[in-house]
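Notes follow once the structure below has been shown.
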Amino acid sequence: MFDYILSTLIFFPALAAVFGFMIHKDSIRAYGVTVSAIELALSLWLWFIFDSNVAGMQFMENLPLLPAFGINYIVGVDGISLFIVILASFFTLIGIASLTDTKKVKNMIITLLFLQMTMIGVFVALDAILFYVFWELSLVPMLYIIGAWGGEKRIYASVKFFLYTFTGSLVMLVGMLFMAYFYYQATIDPITGVGIWSFAILDWHRLILPETYQLWLFGAFFMGFAIKVPMFPFHTWLPYAHGQAPTIGSVILAAILLKMGTYAFIRFSLPMFPDASVYFMFPIAIIAIIMIIYTAMVAYAQEDVKQVVAYSSVSHMGVIILGTFALNVEGISGSIFLMIAHGVVSGALFLLVGVIYDRRHTKMMSEFGGLASVMPIYATIFGVMLMASVGMPLTINFVGEFLSLLGFYQQSHILTLLAGIAIIVGAIYMLAAYKRLFFGEVTNEKNKNLPDVNKRELVALIPLTIITIWLGIYPKPVLEPINNSVEYVVQLMHDKSITEEAKTRIPNLVQASMQEVN
Amino acid sequence: MLEPINVSLESLNLMTLAPMLIPIIGALLIIVIDVIKGGLDKSLYVGLSMLFLIMDFGTLLDAAGVFAQTGTVMGVFDMMLIDGLAIISQFIIVGASMLFIPLALTHKRFHEFSYPEFFALFLFMIAGFQFMVATDNLILIFVGLETASLALYTLIAMHNRDKSFEAAVKYFTMGALAAGFFSFGSMVLYALTGSIEINQIAAVLQANNYTDIGYVLVAVTFLLASFAFKLSLVPFHTWAPDVYEGASASMAGYMSIVPKIAAFVVTMRLFEFLIHSGVVWLEVVLYVFVVVTMTAANIWALVQTDVKRMLAYSSISHAGFVMAAILIATTQANSALFLYWVLFSFTNLGAFSMLWMSRQKHLPDYQSSDHSFDKFAGMIKTAPVAALIMGLFMLSLAGIPPFALFWGKLYMISSAVTGGYTILALIMALNSAIAGYYYVKLIVYMFMKEPVTGNDGHVYVTNATLPLKSIIGFAAIGTIFAIVMLNPLLEFITAFVYNSGY
Amino acid sequence: MFEAVAFYLFSFLTIAMFFIAVTTSQALYALTALAAGMIFISAFFFILGADFLGAIQIVVYSGAVMALYAFGMMFFDTTRDVKEKKGNKMIIVGLGTLAAILVVVIFATPMVADNIVAFYPMTEGVGNTQDVGMVLFTKYLIPFEVAAVMLLVAMISGIVLAGKKMDLSLTLMSDAEIKDVKKEKNKKVLS
Amino acid sequence: MEMFLYIALFAPLVGSMFAALFSASPKTLIAGIVPSALLFISFLASSILLAYVLKTGGSIHVEMMTWMATGDLYIPFGFMVDQVSVTMMMVVTLVSTVVHVYAIGYMSHDKAFNRFFAWLSAFVFSMMILVMSDNFAGLFIGWEGVGLCSWGLIGFWYHKEVATWAANEAFIMNRIADLGMLIGIFLVYWNTGTLQYVEAFAAMPSLETDILTWMGIFLFIGAMGKSAQFPLHTWLADAMEGPTPVSALIHAATMVTAGVYLIVRANPLYDLIPHVGLFIASLGAFVALFAASMALVNRDMKRIIAYSTLSQLGYMFVAAGLGAYWVALFHLMAHAFFKALLFLGAGNVMHAMNDELDPFKMGGLSKVMKGTFIMMTIASVALAGIFPLAGFFSKDLILEVGFIQNHYIIYTVLLFTAGLTAFYSFRLVALIFHGEERYKLFGIDPHEAYKFMLVAMTPLLLLAIIAGSLKGTYFDMVTIVLPATQYHVHSAVVYWIMTIGTQLFVIGAIAFAYKKYALSEVKVPDGTSAMENSFGYKLLKNQYYIPQFYENYLVKPYRELSLAFWKEVDMKIVDATVDGIAKAIYNTGENTRDMQNGNLSTMLKWMVAGAVGLLSLAVVFGLAVKFSSEIEFFLSTLGVQ
Amino acid sequence: MEIGLNHYLVLSTILFAIGLVGVMRRKNLLLLFFATEILLNSVNIAFAAISHYYGDLTGQMFAFFVIAIAASEVAVGLGLLIVWHKRHGNIDLDNMSTMRG
């Protein structure tokens, strides 16, 4: 069982989804909650049996799929992916438990379970094509969720989401094929003249490419990842998708799906193309800063509270990107932690927006005002999440944001200063939105008697609040495994980098620790 | 004086004829049965055809075994050429036919199946295609092609409604023009080399070092034009949408697969050596063909309002995509072509079968054509399983992993990458993205819209019978679990293609 | 000399005939011109020593094909003037001449054709027909048989398409209608 | 001792959480009493720690647990009680205990009584973290924590638009400064490899001056925000929208002094960069004068006190900037006592006057509110720096520091400001407590506050009076960690002239204020008098037009730019490009689909056209190959390679 | 003046071009089929000529099969025309554009 835990994690929800077709629609919710609870238990168990001191991959499985072309079913988990996997199963449970949409609930739950399979698959896949399979497959359930349960412009939004990300990933696919080809060429046996086809990420990590190749491949992968993240200027699908998606869709999109892009940067771009990563560090940092400031300003201008949260996601993803391209342990660990943090916080914020949407069927801030006196508990939880979102210390976000910025500071002072504006502009739009929603007198008659959060909503929100604060105060259990794996990755990058600049930009941890010994 | 001819029977290698003879015998048998006792039910003929196809398949297995052992076999005065290409393509032809023929057992009655001749012609057509792929003699290619085409025109027309006649006439007329092109091209090649056998042509041209490049190009032009017609490459594609629309859905699906694989094999035989000899012109022209066909067909597919027509354009686009293999002309690319086509036949036949299953005789008010998009609105509510399966085929066609066609795309783009066609690889990828739109459009209709009033979902299964459902189920399973059979398939194809020298 | 005269004469005649065949607005003229052109083509075959082909040309084209067309013409009642709508003539003529010029330009240059070996050389002193027969029934046996199949296909197709059964379309009839028709008509018609 | 440390630190948190439990339920007295009691416990614990520190002269250092550890970065939750932090702890716990008790009375009629105490205690907890942390990251936790609580408390009456606006303004302005602080922290980390005070400061002397300068500047930017130094000062006056106990605790005694604390704490750094220190001192002097000038004409009781706070913070920065850290800290402590007292007194007045804030509408309140009158007067005297009250010892010391270090401009400015301080303080006292009972015009019936509130204020009163006498003990204690420079004017004559002169100047200012506002007829200004229309008055009244400037040139453009970014850039450029590409593709299809017009003739033409097109290409290519040598020759003559 | 292979090829091309013009210009299907016959016939001349000049029988073979194909096409084509004519009473291809786009 230990050996196949990852496969179990991937395919258990899919199997359950298939069986879900047979369940009567009145009982499907219980079924969904049970299944996702089991899944969460499994992933927590994975954490339990995970050895935090090991930097490399654990629970690897290797099954030939298309060995003739080097495609295998390889899965494994390390500190980088472990927590995102847990986050994915956690949010599926939260999502299903808090589901208020009663329309076609059976389809929704089955779709969610499929989505869960793809999400977990993406994060544990160690074969590029397997990764791609899950990566693309995840679009489909999301397309359905947005398109079938969304708002007025749901079809436009869902198709835009689908096509935009699909286009980017196809470019990435070409990049992957190139990478495999380069691997093939690098492994050509001089005697037989035959190379090895391999799409295994760990194999690719070992491959040292000339810088020009790295630059091009980095670009190709970048297209796929950047659109997914989404990075400026490829971000415009996101507001539509979030704006139109049902609550659960937004939650999962923000909490997990966006993380695929940033995760992929760490899993693919950095270790595979260290020199290109250094080369593109500043352009990407500038994009990240544009994301941070520009989208924060756009968020400030929004009238729809969900759009505020949506644009805030883009802004936060900018910080994650920045941390990733700090290319040192502090920055990368921070960005991974921020992925989890942003997942929890933005997921919770979307859930919170869903709460008032359920009651009023509008998300326009002008319709609200003074909710703090009508829904005090709601306002409190919202406030906690708001403060987490603006990066208040002792909340989960701060750890990630702090480390990301701290990390990048080593690379550039000015850019970090600019990126740091995040903490100002973030506060501006968030507080403005909070003020419009919760402060002031209750002016709208319809809001006078809104019920406060009910039990079902609390079931979803309380754990998130607890996690937000718990990991803000005590991030060690999460940060430690991340740190170990990141140190491994950074060392790998340093060792295989070829340009002078990369050697200096990417710290050499071995040397550093040697110095300490001396 | 003429010498008496002494040919030993063994040197003729008559076994090479077996795969083609079986359907011919079957066709003749069907006609004879009809003559002896008419009025028999179509299921008899379906069964008989199926039997003969299975036997045909069996002989192909045998031939494959022989090929694996001894390599390429020539037979009957070196007219027949049984190499890897011939075998794989015949597998596809016969296999796709086996998937097609049970589709005749619809719930509703359609005109063509009331004829025993339909089945006879169908078998003749298969034989024609088989001859076409199993030779490198231009005459036999031509005759095989015409046999198959004439039968095909008739099969289309036998659907017996205005649109099918229109389709058949259009197809026929353009086919006649294409036949003219083919014969003219062959004539020029003959004038150049004194031969009409592809390998000899190649040898002679090689020996002449392509001195008469102008002549060669004229020949290539006309041959290319005629095969571009068969393969529906833009701008020779104009027949395809109309013919697909006019033919019955099952026939349209069949047409998108079998004639094209036959044409691809011939194209591969014809152009492979030219490309390798470095005729830059051909490379450029094929490049343009590939890109234009993929892109233009995709763009037109975007604006279609009828699913079947959309699928027709999508088939054109897929053909363009696969045409890239001819351009790239490496073993990997050629293997990719066959791999792609095997996977494509599952998916596309499945998709067209779904349309076939939902074919009504009379259009309700809300439909503007047989398979307008409106018809599929809200399908998930009224016919969930059918909607899921249709969605599956669409996703596969769009190249969403892990469904069948993705692997074909993957391998094809990879072959472009390996072949050094970077830009082409990118264009192929981006075209897949454009194509995503119209496939998703149908999914949007099926899953995200409300059903039109008066549509209770019965319409989607109006033709459903057990055989139809089985075929669709088979196609669906093949589409989903393609990955399982992929490795042996790829190894088989690569070995056969490589050992045939392509 | 004779050859040259004959070539140019018949060239002129065939070109003229075919030109009439594609341009005249009288269907009957077109048919006649076509038939004449076919005959003149057979003359080339005879000039080139392909006697068998010449004979076939006359028999098949002038005999069978023309007869079929004539029958068709009467059936379709196209003896009256055929109105060719005014299309864009420029395209047609332009494309036609361009094609001709291009190919002629190429063909006007003599071929190098060094390595041409006659794979099936004509045997000296043997009649063309005999010669053809030899090749046809050895090397081209298979195409010959396939051609037979093709003709069979064509025949079946012709019969099926022109047959009476096509008058009623089962495709367009509902199940109830089909039942009624079945009762009335001979069972053999509709199986 | 560690136990006391934890008690001192976490007692407020427990109190806060206790009150938070009741935050959704109606007012319960217990939600006020328990946090107050817990704070008192915290105060006791702090006192014990103080005693310990005093006795042993050492410090207590604990590391509770790891917070963040990745790469080389290691940040624990570490706490340190040394002479400096214990001073701050005493100030914080004492003032907050007083304020808590006071608030039980002050907030007794408020619906959100429970929530108030939750926030207030949370604030104290944050402040304790701020002062007790042994590293910069922990300091930052407290730094942000107090900001958060300040936000919650300024906007406590969230149904008031101005209150929430002020809360957001305070938060955002503090965030601007926090960015500087954060950058400062990054600088510290990447240059010293640690964020622990001890290690970081130990490593600093070996660093380049440039780096240290930047470090100092960025950390000071952080301090500027919290301590509301120019140009980030506007929030402090607006923050007066919060309940008065909040103003007393946060915006007078504790939070705003965090900036000073930071500079004091980082004294090893600032010792290395005296030029930055001079800048800090100059800015401090400027702010002292600048804020005092605004207080002169203001008609809002609380704002006047806020400006005075601002002004005093300027003094503290002067001291800190000039290296007189212990002086700064001493003034901080003394100021906390009398300023809190002043605010609480103002709270009493507000209660009495039904939340009326304009002192011109009061007058003669000394009759009804004797206790408050006495307390506020003494607090004002202390503020003015009259011997022998607290202010005299701490403030005049700062003047001396300036004088001794030969910064005569600073000295002059501060001296002048001292006069202004005295004037506006007593202008306020005079307007409120003396003269005619103008409030009667407005039909208000003032009453003295609850007894226990006044009792609660007495410790502050006491300290405001006697704090000066603690100077010696204090000096001995803190100079163990702070530079022990004594600031004595060497010439006794000069010293006495200076001291007496200052006292006379100040007393003169007080007398002037009394003469103008207590003894003569005072009318409620209606905007018609010549003075009110003078440029200077308007300038001061409008706070030098700085808020307007911010509104017009920062806030509004930001809002407009945001809207433009959204509507114009995001929607019309970025998104429109994406959609444009999609539409272009779709329209191409729509426009070219007529190629397929269904007419067979057209189809055939397309086919022939295709073939002819290929043929043309073929001929062109064929000719090119045939005449390749000629073409090459031709091209070479043209100079093309 | 010697008549060479090129003469025949040129003739064949001219005839082929005439056929192409016919194919493009004819709107009556029957007459359109005439034009396709011309296409095939023109090629036949060239085949026979090449066969003659090379002394190789293959060309004649090809021509022979082309004739066979042409004949078959006529049968099928006429069959189609008959069905169409039965339904519509004309064989004008301009009436034949129900499917488009």
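Each chain gets a letter, A, B and so on, in the order its sequence line appears, and its residues count up from 1.
- Both the backbone and the side chain of A/Met392 come within contact range of chain D, each with at least one heavy atom under 4.5 Å from a heavy atom of that chain.
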What verdict does the side-chain contact (heavy atoms from CB on, under 4.5 Å) test give for D/Ile185 and A/Tyr409, after you've listed the backbone C-alpha separation in whole Å, the side-chain angles of each residue and the deciding distance to 0.1 Å? CA-CA 10 Å; D/Ile185 291 176; A/Tyr409 194 78; over 6 Å; no

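- A/Val490 does not touch chain D: none of its heavy atoms, backbone or side chain, sits under 4.5 Å away.
- Residue contact with chain D, scored on non-hydrogen atoms closer than 4.5 Å, involves the backbone of A/Phe438 exclusively.
- Between A/Tyr429 and D/Ser562, every side-chain heavy-atom pair lies at or beyond the 4.5 Å cut-off.
- Heavy-atom distances place no part of D/Met173 under 4.5 Å from chain A, backbone and side chain included.
- Side-chain polar atoms of A/Tyr294 and D/Asp570 form a donor-acceptor pair below 3.5 angstrom.
- Heavy atoms closer than 4.5 Å to chain A are found in the side chain of D/Tyr189, but not in its backbone.
- Contacts between residues 143-153 of chain D and chain A, defined by a heavy-atom separation under 4.5 Å, are made by D/Glu144, D/Gly145, D/Leu148, D/Trp151.
- Contact count versus chain A (heavy atoms, under 4.5 Å) is highest, among D/Trp190, D/Phe565, D/Phe171, for D/Trp190.
- A salt bridge is absent between D/Lys160 and A/Glu441; no separation between the charged side-chain nitrogens and carboxylate oxygens falls under 4.0 Å.
- Heavy atoms from other residues, nucleotides or ligands lying under 6.0 Å from NZ of D/Lys556 number 12 at most.
- Ranked by heavy-atom pairs under 4.5 Å with chain A, the first of D/Val574, D/Val578, D/Thr164, D/Asp178 is D/Thr164.
- For CH2 of D/Trp157, the number of neighbouring non-hydrogen atoms (other residues, nucleotides, ligands) closer than 6.0 Å is greater than 12.
- Contacts between D/Ile581 and chain A at a heavy-atom distance below 4.5 Å are absent for every atom of the residue.
- Residue D/Leu187 touches chain A through both its backbone and its side chain, counting heavy-atom pairs closer than 4.5 Å.
- Using a 4.5 Å cut-off between heavy atoms, A/Leu471 makes no contact with chain D at all.
- In this structure, chain D has no heavy atom under 4.5 Å from any part of A/Ala299.
- Identified by a heavy-atom distance below 4.5 Å to chain A, the contributing residues of residues 62-69 of chain D are D/Met65, D/Thr66, D/Trp67, D/Met68, D/Ala69, in residue-number order.
- Using a 4.5 Å cut-off between non-hydrogen atoms, the part of residues 113-142 of chain D that approaches chain A consists of D/Phe140, D/Ile141.
- Note that CE of A/Met297 and CG of D/Leu563 are 10.0 Å apart. Values are rounded to the nearest 0.5 Å.
- Proximity to chain A involves both the backbone and the side chain of D/Ile176, based on heavy atoms less than 4.5 angstrom apart.
- In the displayed structure, A/Ile414 atom CD1 is contacted under 6.0 Å by at most 12 heavy atoms of other residues, nucleotides or ligands.
- Residue A/Thr380 does not touch chain D at all, counting heavy-atom pairs closer than 4.5 Å.
- Interface remark: A/Ile421 contributes backbone and side-chain atoms alike to the contact with chain D (heavy atom separation under 4.5 Å).
- The CG atom of A/Leu509 lies 7.5 Å from the CG atom of D/Asp72; values are rounded to the nearest 0.5 Å.
- Note that the CD1 atom of A/Ile428 and the OH atom of D/Tyr558 stand 4.0 Å from one another [nearest 0.5 Å].
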What's the verdict on ring pair (Phe, Tyr, Trp, His ring centres under 6.0 Å) for D/Phe186 and A/Phe408, showing C-alpha distance, side-chain angles and the deciding distance? CA-CA 10 Å; D/Phe186 294 163; A/Phe408 200 79; over 10 Å; no

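- Heavy atoms of A/Leu405 lying under 4.5 Å from chain D belong to its backbone as well as its side chain.
- Separation of atoms CG (A/Leu431) and CH2 (D/Trp165) is listed at 13.0 Å; rounding is to 0.5 Å.
- D/Asp575 is not listed as a side-chain neighbour of A/Trp237, based on a closest heavy-atom distance of 4.5 Å or more.
- The OH atom of A/Tyr311 sits 7.5 Å away from the CH2 atom of D/Trp566 when rounded to the nearest 0.5 Å.
- Residue A/Phe234: no heavy atom, backbone or side chain, is found under 4.5 Å from chain D.
- By the 6.0 Å contact criterion, CE on D/Met571 is enclosed, its count of non-hydrogen atoms from other residues, nucleotides or ligands being greater than 12.
- Atom CD1 in A/Ile424 sits 9.0 Å away from atom CZ in D/Arg175 (nearest 0.5 Å).
- At a heavy-atom separation below 4.5 angstrom, chain D is approached by A/Tyr474, A/Pro475, A/Lys476, A/Leu479, A/Asn483, A/Glu487 within residues 474-488 of chain A.
- The contact between D/Phe77 and chain A is made entirely by side chain atoms (from C-beta outward), counting heavy-atom distances below 4.5 Å.
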